[in-house]
Student: 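Starting off with a structure, shown below.
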Amino acid sequence: MDTQMNKLNDVQDKSSVVEKIRLSCRQVYRISSPKKAVRIQGVKGTVYVTLPEDPEDYILRTGEEMIIRSRGLVLVQGMPEGSFQYTAY
């Protein structure tokens, strides 16, 4: 049990939580992460997520989330408006 808690604490210590980000219609937010993974969570409204190296795009609504397991650029856009937060691991 203690080992599991230590592993959990290690993961939390290595991540950095970013405050909620609010985007207006068509506003784009760039996430450039040197870390191994990024979790994006829809907080309010709808956001559009795209990765330059991925042919698919993603739409996140309030309460939905996705984990991107690659380093590099992530673009998030309000559609028409949206708020999100992200955590880089």
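Since the structure is predicted, the reported quantities are computational estimates derived from the model, not experimental observations.
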Student: Please tell me whether Val28 and Val74 are part of a single hydrophobic cluster in this structure, the criterion being side-chain heavy atoms less than 4.5 Å apart.
Tutor: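 Cluster IDs for Val28 and Val74 differ.
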Student: As an exercise, state the distance from OG of Ser24 to CZ of Arg26, rounded to the nearest 0.5 Å.
Tutor: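 Nearest 0.5 Å value for the OG-CZ distance: 11.0 Å.
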Student: Work out which heavy atom in Phe84 is nearest to a heavy atom in Ile31; give both atom names and the distance.
Tutor: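 In terms of heavy atoms, the two residues are closest at CE1-CD1, 4.1 Å.
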Student: I'd like to know if Leu51 and Val47 are part of one continuous hydrophobic network [Ile/Leu/Val/Met/Phe/Trp/Tyr, side-chain heavy atoms within less than 4.5 Å].
Tutor: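 Same cluster.
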Student: Is a donor on one side and an acceptor on the other found under 3.5 Å between the side chain of Thr62 and the backbone of Gly42?
Tutor: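 Looks like no, no N/O pair under 3.5 Å.
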Student: Does Met66 have any side-chain contact (heavy atoms from CB on, under 4.5 Å) partners at least two apart in sequence or in another chain, and if so, which?
Tutor: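 Met66: side-chain contact (heavy atoms from CB on, under 4.5 Å) contacts with Ile40, Val49, Tyr58, Leu60, Ile68.
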Student: What distance separates Thr46 OG1 from Leu23 CG, expressed to the nearest 0.5 Å?
Tutor: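 The OG1 atom of Thr46 sits 11.5 Å away from the CG atom of Leu23.
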Student: If I take atom CD from residue Glu81 and atom CZ from residue Arg22, how far apart are they, to the nearest 0.5 angstrom?
Tutor: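 Here the interatomic distance stands at 6.5 Å.
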Student: I would like to know whether Leu75 and Arg30 meet side chain to side chain contact (heavy atoms under 4.5 Å, CB included); could you show each step before the answer?
Tutor: CA-CA 5 Å; Leu75 300 175; Arg30 297 169 57 100; 3.5 Å; yes
Student: Shared ILVMFWY cluster between Tyr48 and Tyr86, side chains joined below 4.5 angstrom?
Tutor: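 Looking at the clustering, Tyr86 is in a separate group from Tyr48.
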Student: Would you kindly confirm whether Tyr29 and Val38 end up in one hydrophobic cluster when ILVMFWY residues are joined by side chain heavy atoms under 4.5 Å apart?
Tutor: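 Linked, Tyr29 and Val38 end up in one cluster.
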Student: Are any of the side-chain heavy atoms of Arg69 and Lys36 separated by less than 4.5 Å?
Tutor: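 Of all side-chain heavy-atom pairs linking Lys36 with Arg69, none is under 4.5 Å.
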Student: Against Gln85, only a single residue in Glu65, Gln41, Lys20, Arg39 fulfils side-chain hydrogen bond (donor to acceptor under 3.5 Å, both in side chains); can you say which?
Tutor: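 Of the listed options, the one satisfying the test is Gln41.
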